[in-house]
Every structure is written in structure tokens, then in C-alpha cells.
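Just the heavy atoms: all of them, side chains too, but no hydrogens, waters or symmetry mates, feed the values below.
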Amino acid sequence: MKEALNSYIETDAKLEGAIIGISIRSAVSGDVLYEYNHDIRLRPASNMKLLTAAAALNVLGEDYTFSTQLQTDGVLRKDMLEGNLFLVGKGDPTLLKEDFKAFAEEIKKKGIHKITGDIIGDDMWYDHVRLSRDLVWSDEQYYYGAEVSALTASPNKDYDTGSVLIEVIPTVIGEPPIFTISPNTDYVTVQNKAITVKEALDDDLIVEREHGSNRITISGEIAHTSEAVKRWMSVWGASEYAMRLFSNALTKQGISWDGEVKIGESPRNATVLSSKDSVPLSEILIPFMKLSNNGIAEMLIKEMGRRIHKEGSWEKGIPVLEKEMKQLGIAVKHLLIKDGSGISHSNLIPANEISQLLYEVQKKEWFPVFLHALPVAGHADRMIGGTLQERMKLFSVQAKTGTIEGVSTLSGYLDIPNGERLIFSILVNNLLGEEVGKVIEDEIVERIVAEGK
């Protein structure tokens with residue numbers, strides 16, 4: 001194996017000017033079978049989520065759920081709630097438009113048709129630092145750079161928190177395409193400057209949100225034969241977005257109020273009118289790991305901070321993750337961790353520490369949940385194959401992908417023909433294009449398998 005991999009690394013033109021770190025271990029013994037730049041700290045991209053998932057399973061547990069509550073500081077008299085109505089978010093990343101409808105229906109079932117006070121969203125479960133300090137400013141407009149809030153909403157069961165789905169559909173040549181917004185909300189406004197043309201590339205259609213606002217512009221060209229183009233865009237003000245969905249749901253149920261819709265804090269003596277729990281963490285880990293969901297990653301960091309240190313913040317959550325890594329035998333002193341998703345270019349982890357983590361987690365009771373959440377190479381089902389749906393179809397691989405600008409990573413488990421299971425971590429940095437990194441990773445896996453025949 002050593003000769004084959006060294007030859008590839010030293011001669012393949014795709015790696016010219018790049019840095020690669022590799023660590024391969026026996027899944028049974030943990031013995032290192034191959035290493036190359038194994039102790040060099042490199043940017044892990046979304047391989048960071050392996051650490052976040054392991055820490056969350058240890059700290060929160062696979063059955064952990066997130067709750068959202070309806071509370072009031074008032075009293076019910078006939079069909080009127082005399083006081084304020086609070087929607088209290090406690091970090092549920094799975095809230096959808098239909099959940100806000102269900103909350104509104106709960107109010108109506110209680111016979112309430114009018115509220116004399118305000119409709120208040122309580123997002124105090126986490127701090128109000130919405131964006132990680134290392135987030136590239138241009139990523140903020142997209143779903144993978146969305147705000148992190150304890151009260152948020154997603155467009156579908158991918159659970160891309162704090163975002164909307166814009167779907168652009170071509171019409172006839174020379175005419176603007178049509179578009180839809182999911183969930184259907186007036187919280188964002190869309191200006192459509194695009195045109196339907198005879199031929200166009202995917203990159204010719206541009207969807208952008210103006211920083212600091214919820215004005216989205218569609219521009220460029222879309223081919224008349226194109227399928228619908230989908231773009232997930234983050235919103236500005238994730239908590240306010242959730243409250244817009246809730247207040248609109250109340251209106252549709254015929255419920256009115258005298259006050260404002262705003263963000264605030266529920267009093268300690270408030271009465272709980274209704275409560276909804278999320279699906280357990282074991283299920284949330286599926287879209288988190290399979291689809292590499294950044295929003296869930298950062299919410300898990302804040303939730304661990306809240307659980308252990310009574311503060312839902314990056315400042316309190318990251319030390320919890322580091323402590324868990326240390327207990328798993330990871331040399332934390334060799335790491336630099338700035339977030340839970342890996343979107344930061346400041347995160348630095350050696351390949352050897354990632355492979356060590358993947359060895360150690362096998363000893364945990366929750367390991368089957370962890371393994372089940374990893375993408376399965378070549379599997380057609382999106383919620384099984386995830387980001388490896390179209391890759392390494394001939395090989396038995398369960399692994400986490402990672403991609404940020406100039407970085408491509410892949411770490412996980414590989415079954416080779418002789419019946420042995422290997423643990424591997426491949427971190428490729430300083431690339432001029434991330435997609436070539438995927439080719440490099442696949443070719444390395446191919447060589448590992450060939451050596452195991």
C-alpha cells in the first residue's frame with residue numbers, strides 16, 4: 001500500500017501545489033497502516049462534523065429532543081387571551097411551516113380568537129451572535145451560511161434552518177422564467193431579472209440576496225429545456241422569519257391581536273399552553289451528516305454549551321466539544337477548532353486525529369447511530385447515499401465528505417476485498433478547484449482497495 005500511495009501522491013499532476021494528509025488504520029486494532037503528512041494540521045472542511053456528531057451523541061444522547069413551547073403571561077376569558085402570547089424556541093432545527101400552522105391550530109382549539117397583547121418570539125435559549133466569526137461574508141446569503149437561532153424555520157425536511165427555497169422554472173424563449181418560494185412567505189421579496197434562452201449553462205442563472213436585507217434577485221439566463229433550478233437562500237433575521245410564519249398561520253386561523261409581532265423574552269412565571277418536541281437526535285443526524293447540514297452543526301455546538309454551561313454560544317459550546325474529544329483520546333492540543341460545521345477556514349486538524357476519532361467511537365454504545373448517519377457511497381437514495389450518492393459506486397465506503405474553497409476531504413470506513421475494514425482520513429488543501437479533490441480522494445480509495453485484494 002505504501003509504495004502505491006506514495007507513487008500516486010508524488011507523481012499525480014492533480015496534486016501539484018496542493019497539500020495532502022492521509023491516515024489509514026485497522027478498524028479492529030487501530031494500528032496505523034499508512035500515513036502521509038499525518039500530523040500536519042489541515043483544514044477539515046465538513047469533516048469537522050465528525051467531531052461535532054460524536055460530541056453531541058456523548059453529551060446530549062441519541063434520544064435527545066428539542067422543544068418549542070407556546071406560553072402566555074395572560075388569562076383566558078371567553079374567546080379572548082388577555083395578555084401576550086409567546087412562541088419559545090429552544091433550538092429545534094426541524095421546525096417547518098406546517099409546525100407553525102399546528103401551533104396556530106392549538107390556539108384556536110383552546111377557543112382563543114383574539115389576543116389583547118403582543119405575539120412574541122422568545123429566542124433567548126441561545127445567544128444573539130447569529131453568524132460564526134470566521135464565516136466568509138459572501139457565504140452569509142446562502143443556506144450553508146445561515147444565521148443560527150434558537151427559534152428558526154426550514155423550507156423542507158433537509159432542515160436547512162433559516163432559509164427559503166427558490167425554484168426557477170423556464171418558460172418560452174425571450175420571456176422571464178417563473179419562480180416559487182418555499183415556504184410561501186412574504187418575509188422575502190424577489191426581483192426577477194432573468195430571461196429564458198435557447199441554451200445556457202447552470203452557472204448562467206444567478207440567485208443572490210442583498211446583505212442585511214431580504215431582497216433576493218434572480219438574474220442571468222436559463223435554458224428553455226432546463227429542469228427547474230433550485231437555490232436555497234438564507235434569510236436575514238432567522239427568528240423574525242419564524243415569527244412571520246407563525247403570525248401568518250394565526251391570521252389564517254382567524255386569530256387577531258391588538259399588539260405587535262416582535263422578539264422578546266417570556267417571563268419565568270408564564271403558563272405553558274402547548275409544547276412540541278422534535279424527532280430524536282438519532283434522526284436529526286441523518287440530514288446533518290448525509291447532507292452535510294451546517295445549521296444543525298452550529299445549533300448542536302450551542303446546545304452543548306447550553307446543556308453543560310447554561311449558555312448557548314460558540315464560546316461555551318466549543319470547549320465542551322474539545323473536552324469530549326480529549327476524553328476520546330484525541331490530542332486536542334494539536335487542533336484548532338472554531339465552529340461545529342467546518343465552514344471556517346481557521347479550523348485545523350491532522351488526518352491522524354480524525355482517524356483516531358473514527359477508531360475510538362466504535363467503542364461507544366451510540367456508534368451504530370453514528371455509522372448509520374454517514375453517507376453510503378453509490379447509494380441512489382439521497383437520505384442514504386447523501387453527498388456520496390454518485391461516488392465510488394463499486395466500493396463499500398461509509399464516509400463524511402468536506403468541501404470549502406480550496407479544500408476537499410473524505411474520512412470514514414472502507415471494507416476491502418480481503419474482508420478487512422479500514423479507517424481512513426484524506427485531507428486535501430490548497431487546491432485551485434475543490435472538485436478535483438473529489439477525484440483525488442476516489443483514486444486513492446481505488447488504490448487502497450486494489451492493494452487489499
With the side chain counted from C-beta on, respond yes when [X] and [Y] share a heavy-atom pair under 4.5 Å apart, and no when they do not.
X: P280; Y: E62; result: no
X: S411; Y: S355; result: no
X: L348; Y: R43; result: yes
X: H334; Y: D39; result: no
X: K310; Y: K316; result: no
X: K364; Y: F370; result: no
X: D158; Y: L165; result: no
X: D122; Y: Q71; result: no

Could you walk me through whether L81 and K110 satisfy the side-chain contact (heavy atoms from CB on, under 4.5 Å) test, starting with their C-alpha distance in whole Å, then the side-chain angles of each, then the deciding distance to 0.1 Å, before giving a yes or no?
CA-CA 10 Å; L81 178 63; K110 294 182 183 299; over 6 Å; no
Counting only N and O atoms by type, is there a donor-acceptor contact under 3.5 Å from the side chain of [X] to the main-chain atoms of [Y]?
X: R209; Y: S213; answer: yes
X: E311; Y: D127; answer: no
X: Q389; Y: A380; answer: yes
X: E298; Y: G340; answer: yes
X: D160; Y: P155; answer: no
X: R306; Y: W125; answer: yes
X: E147; Y: G162; answer: no
X: K97; Y: N184; answer: yes
X: D442; Y: V439; answer: no
X: Y187; Y: N214; answer: no

Under the 6.0 Å and 45° cation-pi test, does K114 pair with W257?
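Relative to the ring axis of W257, which defines the angle, K114 lies outside at least one limit.
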Could you tell me the separation between the [atom1] atom of [X] and the [atom2] atom of [Y], rounded to the nearest 0.5 Å?
X: I286; Y: L374; atom1: CD1; atom2: CG; answer: 9.0 Å
X: I218; Y: E208; atom1: CD1; atom2: CD; answer: 11.0 Å
X: K400; Y: L358; atom1: NZ; atom2: CG; answer: 12.0 Å
X: I115; Y: S256; atom1: CD1; atom2: OG; answer: 8.0 Å
X: L42; Y: I20; atom1: CG; atom2: CD1; answer: 9.5 Å
X: Q69; Y: K276; atom1: CD; atom2: NZ; answer: 12.5 Å

State, to 0.1 Å, how close [X] and [Y] come at their nearest heavy-atom pair, and which atoms those are.
X: Y142; Y: S234; answer: O-CB, 3.5 Å
X: W232; Y: S163; answer: CD1-OG, 4.3 Å
X: T116; Y: G83; answer: OG1-N, 2.9 Å
X: I349; Y: P44; answer: CD1-CG, 3.8 Å
X: P177; Y: N192; answer: O-ND2, 2.7 Å
X: F66; Y: K90; answer: CD2-O, 3.6 Å

Evaluate the ring planes of F100 and F246, with Trp represented by its six-membered ring, and classify them as parallel (under 30°), tilted (30 to 60°) or perpendicular (over 60°).
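Taking F246 first and then F100, their aromatic rings sit tilted (interplane angle of 30° to 60°).
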Could you check N248 against D186 for side-chain contact (heavy atoms from CB on, under 4.5 Å), going step by step and ending with a plain yes or no?
CA-CA 9 Å; N248 286 348; D186 59 355; 3.6 Å; yes
Without hydrogens or angle criteria, can the side chains of [X] and [Y] be said to hold a donor-acceptor pair below 3.5 Å?
X: K49; Y: S292; answer: yes
X: S275; Y: S67; answer: no
X: T161; Y: T152; answer: no

I'd like to know whether T94 forms a side-chain hydrogen bond (donor to acceptor under 3.5 Å, both in side chains) with S278, so could you lay out the CA-CA distance, the side-chain angles of the two residues, the decisive distance to 0.1 Å, and finally the verdict.
CA-CA 7 Å; T94 71; S278 72; 5.0 Å; no
Does the distance from a Lys or Arg side-chain N to an Asp or Glu carboxylate O, for E441 and R391, drop under 4.0 Å?
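Yes.
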Taking only Lys NZ, Arg NE, NH1 and NH2, and the carboxylate oxygens of Asp or Glu, determine whether K290 and D381 approach each other closer than 4.0 Å.
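A salt bridge is absent here (no side-chain N lies under 4.0 Å from a carboxylate O).
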Is it the case that over 12 heavy atoms from other parts of the model lie below 6.0 angstrom from the [atom1] atom of [X]?
X: L432; atom1: CG; result: no
X: K323; atom1: NZ; result: no
X: H372; atom1: NE2; result: no
X: K78; atom1: NZ; result: no

Quick one: do V59 and Y64 satisfy side-chain contact (heavy atoms from CB on, under 4.5 Å)? Show the steps, please.
CA-CA 10 Å; V59 172; Y64 191 80; over 6 Å; no
Set of ring-ring contact (aromatic ring centres under 6.0 Å, His included) partners for Y126, sequence neighbours left out
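ring-ring contact (aromatic ring centres under 6.0 Å, His included) list for Y126, sorted by chain: empty.
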Show the numbers, then the answer: is there a side-chain contact (heavy atoms from CB on, under 4.5 Å) between V188 and W236?
CA-CA 9 Å; V188 300; W236 186 263; over 6 Å; no
